[in-house]
Amino acid sequence: MTAPLPSYDLDTAAARDAEPWHRVRAAVTLDALPGRDLDKRELLELAASIAADPDSWREHVAFDDDNRHYVSLYRDAHVDVWVLCWTPRNDTGWHDHDVSSGAVAVAEGALVEHNLAVGVPSLATEVPTGQVFCFGPDHIHRLTGRDAGSVSIHTYSPPLWRMGQYTVARNGILRRTSVSYADELRPLDDMA
């Protein structure tokens, strides 16, 4: 007997479900971590609480068109928190987060989340300042900066160790390459 296939909401892209972070009840904050892995809703709460506290990340903000600037704000056995700085030239390329769920809160400016689609153009969703969204480990996306001077807070659980980056060969075959969480994500090809 074969195991049933997981069910996915095929009509939903993570950023399409973004919500205002000032309306998120943040039961999970850096000062109140539960000492276990967090689910994606708890990661959303954590990202929202940090984005709403610029004193916790403002000193780490810097921008570079050639190399996206990012700083680890916190890491333990259960959670990973980053501040990422964006210009319109910054692009992660297509990637996943291996076994980690995540959340992204846009603290300044705007990002665009692109969702990989087969046979149709990718889905692009703008995420403006004050919005937060979350996703599970099955999520494949690409993030780009829309505005110069954009800043986002990213939370992951379990902490990132590996990620997958995607390319499409000339014959149309999709390939995944495993990379370290410490490597800067950037496009491996021009697959948009």
Side-chain angles (χ1 to χ4, degrees), residues 13-18 20-21 43-44 47-48 50-54 56-75 80-98 100 102-118 120-135 139-156 159-170 172 174-192:
R16 294 275 163 121
D17 293 330
W21 43 257
L43 289 166
L44 183 136
I50 295 167
D53 180 16
S56 68
W57 50 264
R58 173 96 44 223
E59 71 180 282
H60 302 291
V61 171
F63 301 98
D64 185 331
D65 281 338
D66 297 321
N67 297 296
R68 188 169 30 93
H69 181 75
Y70 51 95
V71 173
S72 175
L73 295 178
Y74 180 84
R75 185 176 178 93
D80 202 4
V81 179
W82 296 81
V83 59
L84 283 76
C85 305
W86 304 82
T87 74
R89 291 187 46 197
N90 297 150
D91 181 345
T92 63
W94 297 106
H95 68 279
D96 66 42
H97 302 93
D98 201 33
S100 300
V104 176
V106 180
E108 294 181 353
L111 301 182
V112 178
E113 184 193 44
H114 306 265
N115 294 103
L116 184 60
V118 177
V120 296
S122 64
L123 175 68
T125 305
E126 183 176 309
V127 185
T129 300
Q131 296 286 304
V132 60
F133 65 94
C134 59
F135 49 87
H139 191 63
I140 299 170
H141 68 172
R142 176 181 210 149
L143 291 174
T144 56
R146 193 208 69 191
D147 296 332
S150 295
V151 177
S152 56
I153 304 300
H154 298 239
T155 58
Y156 303 101
L160 293 175
W161 284 108
R162 306 294 304 166
M163 294 184 292
Q165 281 204 281
Y166 294 85
T167 60
V168 174
R170 290 186 185 154
L174 182 68
R175 299 274 186 217
R176 181 182 189 273
T177 302
S178 183
V179 297
S180 166
Y181 78 96
D183 292 337
E184 181 182 4
L185 293 175
R186 50 183 56 240
L188 297 179
D189 60 19
D190 62 359
M191 181 179 93

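Atoms considered below: every heavy atom in the structure, side chains included; atoms not considered: hydrogens, waters and symmetry mates.
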Please check if the side chain of [X] supplies one atom and the backbone of [Y] the other of a donor-acceptor pair under 3.5 Å.
X     : Y      : result
Asn90 : Asp65  : yes
Asp91 : Gly93  : yes
Trp21 : Ala52  : no
Arg75 : Leu160 : yes

- Check against side chain to side chain contact (heavy atoms under 4.5 Å, CB included), Trp161 and Asp98: CA-CA 8 Å; Trp161 284 108; Asp98 201 33; over 6 Å; no
Atom [atom1] of [X] and atom [atom2] of [Y]: how far apart are they, to the nearest 0.5 Å?
X      : Y      : atom1 : atom2 : value
Leu73  : Ile153 : CG    : CD1   : 5.5 Å
Leu44  : Phe135 : CG    : CZ    : 10.5 Å
Trp57  : Cys85  : CH2   : SG    : 8.5 Å
Glu126 : Thr144 : CD    : OG1   : 9.5 Å
His60  : Leu84  : NE2   : CG    : 12.5 Å

Compare all side-chain heavy atoms of [X] with those of [Y] and state whether any distance is below 4.5 angstrom.
X      : Y      : value
Leu174 : Arg176 : no
Tyr166 : Asp96  : yes
His97  : His154 : no
Arg58  : Val151 : no
Leu123 : Arg16  : yes
Leu111 : Val104 : yes
Gln131 : Pro20  : yes

- Steps toward salt bridge (Lys or Arg N to Asp or Glu O under 4.0 Å) verdict (Asp66, Arg89): CA-CA 7 Å; Asp66 297 321; Arg89 291 187 46 197; 3.3 Å; yes
Which heavy atom of [X] sits nearest a heavy atom of [Y], and at what distance?
X      : Y      : result
Val112 : Ala124 : CG1-CB, 3.9 Å
Val132 : Ala47  : CG2-CB, 4.2 Å
Val106 : Pro128 : CB-O, 3.5 Å
Asp147 : Ser150 : O-OG, 2.9 Å
Thr129 : Glu108 : OG1-C, 3.3 Å
Phe63  : Trp86  : CD2-O, 3.5 Å

- Message: Under 6.0 Å from the ring centre and within 45 degrees of the ring axis: does the NZ or CZ of Arg175 meet both conditions for the six-membered ring of Trp94?
- Response: no
- Begin with the C-alpha distance, continue with both residues' side-chain angles, and end with the deciding distance and a verdict on side chain to side chain contact (heavy atoms under 4.5 Å, CB included) for Thr167 and Gln165. CA-CA 7 Å; Thr167 60; Gln165 281 204 281; over 6 Å; no
- Fit a plane to each ring of Phe133 and His141, take the angle between them on a 0 to 90° scale, and name the class: parallel (under 30°), tilted (30 to 60°) or perpendicular (over 60°).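 Aromatic pair Phe133/His141 classed perpendicular.
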